[in-house]
Amino acid sequence: MAAPIFLILFWVFTFSCSVFEVTHASPDIHYPFHIKGKQPQHDSHFELLQENTTTTIHFPSYGDLLVNSISYDTKNIYLADPKNCPHRVFMNLNLTLTPFQYYYVLKNYTYLNCSTKLSSPFIEIPCLSDSSYHVYTVDPALPVPGSCKGIKTVAIPFKYSPYRSDNSFGLRLTWDLHDSREEGNQTRDSYMTHYAVVGVIICVLVMVTLVSIKVHVSRRDFDKKERQLLLADF
Ligand SMILES: *[C@@H]1O[C@H](CO)[C@@H](O)[C@H](O)[C@H]1NC(C)=O
Ligand SMILES: *[C@@H]1O[C@H](CO)[C@@H](O)[C@H](O)[C@H]1NC(C)=O
Ligand SMILES: *[C@@H]1O[C@H](CO)[C@@H](O)[C@H](O)[C@H]1NC(C)=O
Ligand SMILES: *[C@@H]1O[C@H](CO)[C@@H](O)[C@H](O)[C@H]1NC(C)=O
Ligand SMILES: *[C@@H]1O[C@H](CO)[C@@H](O)[C@H](O)[C@H]1NC(C)=O
């Protein structure tokens with residue numbers, strides 16, 4: 001009699017625990033972002049494009065960047081350059097008219113375009129250079145060498161380094177909306193998180209209780225059987 005009830009309760013609570021997990025793990029793209037053509041855009045501030053399995057965001061000053069991930073609570077968006085050249089992004093991306101800014105502390109650097117290779121410690125940026133010209137990031141205070149022309153001076157997160165040259169290095173932006181609606185949604189989201197945490201804790205407690213009841217019941221059954229055996233012996 002006890003066993004079937006135990007099984008049903010066990011099943012119900014396992015099920016509700018997994019529902020909590022699913023609701024907590026779900027949507028990746030939501031306000032303030034939306035996917036063009038797939039999600040309604042009312043109230044959304046940023047449009048993302050999804051093609052095949054890649055998600056991209058378009059910046060008029062540069063073009064498309066890949067969206068690696070978004071962290072809504074820290075307001076970070078992790079991007080990557082599909083053309084594998086973060087320094088071309090740094091050189092061209094103008095965030096002035098967007099709500100985005102680099103996550104990192106910025107420093108002004110001058111991009112130089114030189115007809116001859118500069119000697120160490122200058123290291124050319126391979127993806128911006130060619131056999132006939134060499135591009136460098138240098139401190140704007142340095143005098144421009146004779147064989148070079150300054151392309152532009154921009155505030156960027158990192159100067160070029162061959163050790164930090166993967167396609168996502170430095171491409172982490174944060175956004176600022178000054179929007180009361182977002183505050184409300186954040187509060188709602190954190191309530192959801194709290195509910196999920198409380199739900200999981202309740203599930204665990206109930207499971208532990210059920211398991212200990214089950215152990216207790218089978219121990220009692222065992223004791224009863226043992227006593228009956230002892231009685232039968234006499
Ligand atoms: C998506 O897939 C189609 C067909 O498989 C292909 O032609 C297209 O280039 C792909 N687009 C991207 C962005 O990978
Ligand atoms: C970025 O764009 C703004 C507005 O269009 C412009 O005023 C500014 O000069 C640009 N910055 C750079 C570094 O090009
Ligand atoms: C970069 O230089 C410009 C012009 O001199 C200046 O306005 C800006 O504050 C500098 N940015 C940083 C991050 O130092
Ligand atoms: C550097 O200069 C060369 C020749 O003057 C030009 O073709 C090239 O586009 C320039 N590169 C950059 C990144 O400005
Ligand atoms: C949260 O954002 C949605 C749009 O995604 C909006 O419809 C809703 O009103 C917002 N919620 C609050 C509490 O402001």
Side-chain angles (χ1 to χ4, degrees), residues 31-34 36 41 43-49 54-71 73-179 181-182:
Y31 181 88
F33 297 89
H34 80 272
K36 188 182 185 183
Q41 73 177 84
D43 294 340
S44 167
H45 287 76
F46 316 119
E47 184 165 85
L48 304 180
L49 295 163
T54 55
T55 304
T56 56
I57 183 166
H58 183 80
F59 289 96
S61 55
Y62 180 75
D64 291 342
L65 289 174
L66 301 170
V67 177
N68 277 348
S69 63
I70 299 173
S71 166
D73 49 351
T74 59
K75 295 188 178 183
N76 276 197
I77 179 165
Y78 297 78
L79 304 169
D81 181 27
K83 299 189 197 99
N84 245 313
C85 190
H87 271 276
R88 185 179 293 130
V89 182
F90 293 159
M91 193 168 82
N92 294 293
L93 189 64
N94 186 337
L95 298 172
T96 307
L97 297 177
T98 76
F100 292 105
Q101 58 198 63
Y102 286 104
Y103 172 77
Y104 306 97
V105 173
L106 303 184
K107 195 168 178 303
N108 278 326
Y109 285 100
T110 299
Y111 283 87
L112 291 183
N113 190 346
C114 307
S115 55
T116 58
K117 243 182 183 340
L118 299 182
S119 55
S120 174
F122 298 105
I123 302 170
E124 72 174 34
I125 307 169
C127 62
L128 289 175
S129 302
D130 195 313
S131 54
S132 59
Y133 57 90
H134 312 274
V135 175
Y136 301 87
T137 42
V138 301
D139 183 334
L142 288 181
V144 176
S147 69
C148 303
K149 279 191 316 226
I151 306 172
K152 60 159 85 163
T153 298
V154 262
I156 59 174
F158 302 101
K159 68 174 183 176
Y160 177 74
S161 158
Y163 306 109
R164 307 180 298 212
S165 56
D166 71 73
N167 70 348
S168 63
F169 192 79
L171 296 179
R172 178 173 172 189
L173 307 180
T174 168
W175 67 86
D176 192 5
L177 288 175
H178 298 299
D179 185 348
R181 164 162 287 141
E182 193 181 25

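The structure displayed is predicted, hence computed values, not measured ones. This chain uses plain numbering: 1 for the first residue, then up along the sequence. Both counts, for ligands and for their atoms, begin at 1 and track the order of listing.
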Protein residue, atom and distance nearest to atom 2 (O) of ligand 3, heavy-atom basis: N108 ND2, 2.2 Å

Aromatic ring pairing F169/F158, orientation class (parallel under 30°, perpendicular over 60°, tilted between): tilted

Under 4.0 Å to a heavy atom of N94 - the qualifying atoms of ligand 2, by number: 1 (C), 2 (O), 3 (C), 8 (C), 10 (C), 11 (N), 12 (C), 14 (O)

Side-chain donor or acceptor of R172 paired with backbone N/O of N76 under 3.5 Å: no

Those atoms of ligand 4 less than 4.0 Å from some heavy atom in I151: 12 (C), 13 (C), 14 (O)

Close side-chain approach of Y160 to Y109, heavy-atom, < 4.5 Å: no

Atom 8 (C) of ligand 3 touched by protein heavy atom at under 4.0 Å: yes

Which residue and heavy atom of the protein sit nearest atom 1 (C) of ligand 4, plus the separation: N113 ND2, 1.4 Å

Heavy atom of protein closer than 4.0 angstrom to atom 14 (O) of ligand 2: yes

Under-4.0 Å heavy-atom contact between protein and atom 11 (N) of ligand 2: yes

Short side-chain donor-acceptor distance under 3.5 Å, S71 and D73: yes

N92 side chain near K152 side chain, heavy-atom distance below 4.5 Å: yes

Neighbour count >12 (heavy atoms, 6.0 Å) for atom NZ, K83: yes

Contact bool for atom 5 (O) of ligand 3 (protein heavy atom, d < 4.0 Å): no

